[in-house]
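Positions are given from 1, in the same order as the sequence printed here.
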Amino acid sequence: MAEVSILCLIGLPASGKTYLASLIEKNKLGFTEILHFCYDNLIEWNTDQTIWKEERKIILLNVEDTIISFLNKKQPMHKLLIILDDNMFYRSMRYVFYQLSQKYRAKFCQVYVKTSLETCLMRNYNRDQPLPTNQILNVNEKMEVPVDYNNWEKNTLTVSGEEKVELCLDAIKILLDSVFLPAQHEIDKKSSKINNNPKHIADIALRRIISLIAHETKTKDKCKITDKMLKLNKKRNEIMNLINKDQLALPSDENVDVYIKKLFPIMTSEQENN
């Protein structure tokens, strides 16, 4: 059977996570497909909090869609590795992906790249586009390091970001190979077809519309941005309510882009003057 593994990378900014992810991609480690979700490339560091939360939800939806699409192909012996390259400083950020692994009977493990704050600050200083120091200090203060007494975090490997991470690849492969598929959870056939569910597609489309509008909003006033995002979220809930009551016709084409084209004018109809 096809097999999916989810790998969460945890660590401070500039700890070496993205470099480690690139090494895993290059070396494959026995996987036929590897998808690298680098949050730094998907979400701007100075994004408003409301938008930041929405865009993280969109990434979660995209990961779920990726798993569904891969499993629906039914390619025997194919192995997909999804790398989530983010600071993942709150345990809740990682737990949602553990839940996803249980839902689709996928393997789940974590690699904590342990690098000193001093080293991260020095590396960040030497970057072409360094993050503000306060950003790194803030993540360091909030970091919830994986713990053994959390059963769902037992498949966690801690590696040193101070040394050559190339030396960690063998240990990471052993970790990925040793994780067992969830024994008590079978893939829900209804869930595996969720990507064909018009309501699910509509929800993804609406979230992407919000993200698109957020990126195109030309203002540095955080209060105005937050107010606009709150109004858009309210509008999204209203539209989903109409869809759930079958009071809004949806396209027959099961394509997110088609749904975006259909729903964008509805989402923005009351936003033009805001």
Side-chain angles (χ1 to χ4, degrees), residues 6-29 34-60 62-63 66 81-94 96-97 109-146 156-172 175 211-212 214-222 225-226 229:
I6 298 173
L7 173 62
C8 281
L9 299 183
I10 308 161
L12 297 178
S15 60
K17 301 183 301 299
T18 301
Y19 180 59
L20 176 58
S22 67
L23 286 176
I24 295 173
E25 284 186 280
K26 182 179 178 180
N27 288 272
K28 294 292 185 183
L29 303 186
I34 297 180
L35 291 178
H36 176 196
F37 287 82
C38 181
Y39 281 56
D40 284 348
N41 295 336
L42 300 171
I43 307 174
E44 295 182 9
W45 67 265
N46 58 348
T47 301
D48 179 84
Q49 186 75 2
T50 304
I51 305 171
W52 180 79
K53 289 181 178 179
E54 278 300 315
E55 297 205 341
R56 294 189 72 88
K57 290 178 183 177
I58 291 171
I59 294 174
L60 179 62
N62 287 339
V63 171
T66 296
L81 174 63
I82 296 174
I83 303 175
L84 302 166
D85 174 6
D86 180 43
N87 303 315
M88 295 282 179
F89 50 87
Y90 284 139
R91 198 163 285 112
S92 58
M93 295 174 175
R94 289 117 57 180
V96 291
F97 290 104
C109 56
Q110 305 178 139
V111 171
Y112 171 42
V113 184
K114 187 177 181 180
T115 308
S116 69
L117 176 61
E118 292 76 16
T119 297
C120 291
L121 290 173
M122 181 180 66
R123 289 177 180 174
N124 179 66
Y125 179 78
N126 292 321
R127 283 175 164 177
D128 292 334
Q129 294 182 316
L131 293 174
T133 299
N134 286 342
Q135 178 85 0
I136 299 176
L137 294 175
N138 186 44
V139 173
N140 182 64
E141 183 180 340
K142 294 179 178 178
M143 179 62 70
E144 295 178 353
V145 176
T156 301
L157 174 70
T158 299
V159 301
S160 173
E162 310 280 352
E163 304 168 2
K164 290 185 177 181
V165 291
E166 290 89 340
L167 303 174
C168 305
L169 289 178
D170 287 342
I172 293 173
L175 171 69
S211 178
L212 180 64
H215 282 303
E216 291 183 346
T217 300
K218 296 179 180 179
T219 178
K220 293 183 179 180
D221 189 328
K222 290 189 176 182
I225 293 175
T226 301
M229 291 306 102

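Residues satisfying the side-chain hydrogen bond (donor to acceptor under 3.5 Å, both in side chains) test with Thr66, not counting sequence neighbours, are none. Qualifying side chain to side chain contact (heavy atoms under 4.5 Å, CB included) partners for Tyr19, counting only residues two or more places apart in sequence or in other chains: Ser22, Leu23, Val165, Glu166. Residues forming a side chain to side chain contact (heavy atoms under 4.5 Å, CB included) with Ile58 (at least two apart in sequence, or on another chain): Asn62, Arg207, Arg208, Ser211. The side-chain hydrogen bond (donor to acceptor under 3.5 Å, both in side chains) search around Tyr90 returns none, not counting sequence neighbours. In terms of the side chain to side chain contact (heavy atoms under 4.5 Å, CB included) criterion, residue partners of Cys109 (sequence neighbours excluded) are, by chain and number, Leu7, Asn155, Leu175, Leu176, Val179. Not counting sequence neighbours, Lys26 has no partner by the side chain to side chain contact (heavy atoms under 4.5 Å, CB included) test. With sequence neighbours excluded, no residue forms a side-chain hydrogen bond (donor to acceptor under 3.5 Å, both in side chains) with Asn124. Residues passing the side-chain hydrogen bond (donor to acceptor under 3.5 Å, both in side chains) test with Arg56 are Asp86, sequence neighbours excluded.
Atom CD1 in Ile59 sits 8.0 Å away from atom CZ in Phe37 (nearest 0.5 Å). A distance of 7.0 Å separates NZ in Lys17 from CG in Leu12, rounded to the nearest 0.5 Å. Of the inter-residue distances, the one linking Trp52 atom CH2 with Lys57 atom NZ reads 11.0 Å to the nearest 0.5 angstrom. Rounding to the nearest 0.5 Å places CG of Leu84 at 9.0 Å from NE2 of His36.
When every heavy atom of Thr18 is checked against every heavy atom of Asp85, the shortest pair comes out as OG1-OD2, 2.7 Å. Scanning both residues, Met88 and Phe97, for their nearest heavy atoms gives CE-CE1, 3.8 Å.
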Show me the donor-acceptor pairs within less than 3.5 Å that the side chains of residues 126-146 make with the rest of the protein, sequence neighbours left out.
unit_1: Asn126; atom_1: ND2; unit_2: Met122; atom_2: O; d: 3.2
unit_1: Glu144; atom_1: OE1; unit_2: Arg91; atom_2: N; d: 2.8

With a 3.5 Å cut-off and sequence neighbours excluded, list the donor-acceptor pairs that the side chains of residues 112-121 form with protein atoms.
unit_1: Thr115; atom_1: OG1; unit_2: Ser15; atom_2: O; d: 2.9
unit_1: Ser116; atom_1: OG; unit_2: Thr119; atom_2: N; d: 3.2
unit_1: Ser116; atom_1: OG; unit_2: Thr119; atom_2: OG1; d: 2.8
unit_1: Ser116; atom_1: OG; unit_2: Glu162; atom_2: OE2; d: 2.9
unit_1: Thr119; atom_1: OG1; unit_2: Glu162; atom_2: OE1; d: 2.8
unit_1: Thr119; atom_1: OG1; unit_2: Glu162; atom_2: OE2; d: 3.3

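The side-chain contact (heavy atoms from CB on, under 4.5 Å) with Val111 is formed by just one residue from the set Ile24, Thr156, Ile172; it is Ile172.
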Legend entry - Leu29/Leu81 under side chain to side chain contact (heavy atoms under 4.5 Å, CB included): CA gap, chis, key distance, verdict: CA-CA 9 Å; Leu29 303 186; Leu81 174 63; 5.6 Å; no

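Heavy-atom contacts from other residues, nucleotides or ligands closer than 6.0 Å to NZ of Lys28 number more than 12.
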